[in-house]
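The structure appears below as structure tokens.
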Amino acid sequence: MKIDKVKLKSTANRSLTSVGVSVAAVVIALVIGMLLVVAMQKNPMKAFTSMVNGAFGPGYFTETLVKMTPLLLTGISFALCNRCGLTNLGMEGQMYIGALFATLVGAYVTGLPWYIHVPLCLIAGFIGGGLWCLITGLLKVFCGASEIITTVMLNMIAQFLIEYLINGPMIATPGGNPQTKNVLASARLGTLIKGSRLNWGYFIALGCIVLFWLFISRSKKGYEVRVSGMNPTAALYSGINIKKNILLVTFLAGGAAGLAGCIEIMGVQKCIQSAFASGYGFDGIAVSLIGQNSPVGIVFGALLFGAFRAGGNNMMRKAQVPDSIVNVIQALVIIMVIGSQMVLEIMNEQKLRKQARKEA
Amino acid sequence: METKQNENIILEMRHIYKQFPGVLANADICLNVRAGEVHALLGENGAGKSTLMNQLCGLIKPTSGDIVIEGKVVHFNSARDAMAIGIGMVHQHFMLVPTMTVTENCLIGATDAGYLKLNYKQAAKRISELAEKYNLEIDPEAKVGDLAVGQRQRVEIIKALYRGAKILILDEPTSVLTPQETGELFNMIRSLTEKGFTVLFISHKLNEIKEICDRVTVLRLGRTEGTYNVAECTVNDLARLMVGRDVSFSIERKEGTEGEAMVQVRNLTLARDAHTNLLTDISFDVHAGEVFGIAGVDGNGQNELVECLTGAKHATSGTAMYEGKDLGKESTRQIMSSGVSHIPADRHKAGLILGMHLTENLILQDYYTPKFGKGALLDNRAIDTYASELIERFAIKTPSRYEYAGSLSGGNQQKVIVARELSRNPKFLIAMHPTRGLDVGAIEYIHGQIMKQRDDGAAVLLVSTELEEVMKLSDRIGVLFEGKLMGIVNPSETTVEEIGLMMGGTRLEDIRK
Ligand SMILES: Nc1ncnc2c1ncn2[C@@H]1O[C@H](COP(=O)(O)OP(=O)(O)OP(=O)(O)O)[C@@H](O)[C@H]1O
Ligand SMILES: [Mg+2]
């Protein structure tokens, strides 16, 4: 039992330092971003306060949470594949297909009470995204096709498919805006706070984080997945069926991204419009990267990127600073977080030196 | 026996400390190496040999202490810096890119690699010259992935020479070599030292140290035990210095425990393509309570045979019956769950997940059983208890059970695998090079464990390229040559010469005619 305390202490220590370094990374990125604002001859203080206000201010924070919801799910999607040694770049496409399935069930199936209709839509969205990503898994397992290429190509296909559907067969009012019918009231996720867009989808996403943790760290299947990802040969020798695991993981990961699209429709947008996913899929990569594929890390990553999205909107309106500055800051954060690994190593080295002096 | 510090010191390491999280791997180590000598480093698994050498070749930095080359204190920021001063290392686990050619591998990180275009032709020519000069036969155009282990090692040595190494560090170079290859390596080392090179040589095989080395520095638990002239020490002296107690080199063998045939291999054949076979017509039995040894030069079908018996490959024809199952056709999971254990040949590639904790590595074969959690979830408490127990029982040297397998010393990594496989109490144990890279104390222990399995009635298939090991442990020995079984002999009725002939491709009938 002595070892346990050691583990606890060392992991707590380690995570505290890495949290500290990550916060520093964000601060530095913000400072550089504000310098850019100065270079654009806008008021950086105003830009900064409006951004923070827009992200965390009263009445605004809910918007951060709204933006965080799909990021949680696309973050899970990327991380899950990554743990199995796969690189899923297709969350955007999986979101579209998930949304499509959810809309088909939510707008065209009528006469159901909400407690049946809502779960049905969620399941449909999950299955839609899952099947879409499963195509990648099948191509990988049976043809050896690189998932990096197939996921990106499936993104294009999904995007144009949706484009076609909302301009043609599924258009709500022919000749009107290119968008589908609204999902029925019985298929909507209720808002949590009046006047905000925050809805039950947020808790569904958080629930998925818990499930993700349970699966990857605690379950036998998750163990198999991690072994397959880290050392396929060892997996083979211990009788783990890697192919089956790839299929399972692509389905689940696609499902998570599909759920992101589905919740975005059922909770926020009500109908599919052109490019409604607006980069949530790709931001999932960054979220998972910052969170180092861990459940807790993803929560923080999603919160951060959600805050940037919400804050950026506000900054654009209040301080007339283009919100592409936010994109720049986001990119800086990613670079800084990766760079901070180096800082951590140097700090570690110094700590060890001290320890050696003590022991010697 | 302690030698005086004297003339011609080319390399000195002074008061080296290296702290890893939770492990003080080197504590106040001092090392003097004379120009032109072969200097051995000896020490138990985890004594800190590789760590010390990694600092010398610039891969990691000492926590404190100085490295002095030809009287000057040097600081290395990378392997490249060390290389520039003339220090080259051949690592315990090779560091080559398998998909590249020999020449391309040599050019990685070399200073004259060229900026935009590789100086490929020129390099290939120089490599051929080097190879000729130092008796290292190698084709510069060969793809490294296609080469046998012994040849890969030659590539590593050439790579170091190509970059201008004058001090060559060889970390357990012989643990993967056949006796013949070892002989060749020693010839090469001799021709190198004649030409003024200095060699640092790490090995657990004491008679090799006796054969090739001039002086030896013994490390124990991260500290220097002393430096001695090899000529003045016996093998037993060396063992005692290193382990701190007397080591027994012979094993106890209980007779007459042999039971019924547990595994029956009949005409097992594995085709490579339509015309050639990897394995041809292999037939033998392994009885309960017997160690059946497979001898042979590496690459003569040993891997394929084991792959056929563990479900990694399916036999083309023939059978391997075990408890009514044909191992040649079953899946790995079915085989492993029916009382078969397998110690794979390559611990990094097949045996361990380096990026996972020891606990998770120790349950690799059994994680799905109710023992480690009923239902779909893992029972962490059961896993932790199990892991602690194995770490203690097999004396795995680690700061805690949550250490990553990748940061254990080579020998301790091997112990992790052995612990995992033996603790399953197998009825049929397939062990490939089970003691590769282990120190004499650990070998003693693992041989004892394997014999215990045998005495308890397990059938053991022991595959090893080390003839001595096979001769010592086996009740019967089969010799493989080019995928064919040359004959089966009894170690008490055969000679090393006879087995040597079979390893070279002569059938037993033809020898005993
Ligand atoms: N990167 C690392 N991180 C943490 N601990 C390490 C690391 N590398 C080595 N160690 C620890 O340092 C100690 C010395 O290891 P080292 O590899 O030098 O042993 P060795 O003498 O080469 O043993 P072997 O004969 O088994 O190869 C071991 O206890 C090992 O667990
Ligand atoms: Mg070592």
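Chain identifiers are assigned alphabetically (A, B, ...) following the order of the sequence lines, protein sequences preceding nucleic acid strands; residue numbering begins at 1 within each chain. Atom set for the values below is all heavy atoms of this structure, side chains included, hydrogens, waters and symmetry mates excluded. All values reported here derive from a predicted model rather than from experimental measurement.
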So NZ of B:K313 and CG of A:L236: to nearest 0.5 Å the spacing works out to 10.0 Å
One should read off an interatomic distance between B:N380 CG and A:S217 OG, to the nearest 0.5 angstrom, of 9.0 Å
Inset, instruction - Verify side-chain contact (heavy atoms from CB on, under 4.5 Å) between A:M230 and B:L354, making sure each step is shown before the conclusion. - result: CA-CA 8 Å; A:M230 284 178 141; B:L354 297 178; over 6 Å; no
Based on non-hydrogen pairs under 4.5 Å, which of [options] is most in contact with chain A?
options	value
B:K61, B:Q365, B:H342, B:E360	B:E360
B:G373, B:P344, B:A312, B:G351	B:G373
B:T332, B:L378, B:D346	B:L378

Side chain / backbone / both / neither for [X] at chain A, heavy atoms under 4.5 Å:
X	result
B:S341	neither
B:A27	neither
B:I363	both

Item to check | Residue pair B:L364 / A:Y223, side-chain heavy-atom distance below 4.5 Å | outcome: yes
Under 3.5 Å donor-acceptor, A:K221 side chain and B:L377 backbone:
no
Please answer whether the main-chain N or O of B:G355 pairs with a side-chain N or O of A:N231 as donor and acceptor at a distance below 3.5 Å. no
The single option from B:M336, B:E307, B:K349 that satisfies side-chain contact (heavy atoms from CB on, under 4.5 Å) with A:Y237 is B:E307
Between A:I240 and B:R333, is the side-chain contact (heavy atoms from CB on, under 4.5 Å) condition met? List the steps. CA-CA 7 Å; A:I240 292 173; B:R333 177 55 53 86; 3.7 Å; yes
- Query: For B:E392, does the CD atom sit with more than 12 other heavy atoms under 6.0 Å from it, leaving out its own atoms?
  - Reply: no
query = Does A:K244 NZ have over 12 foreign heavy atoms under 6.0 Å away?
reply = no
Tell me yes or no: between the side chains of A:E224 and B:Y368, is some donor less than 3.5 Å from an acceptor?
no
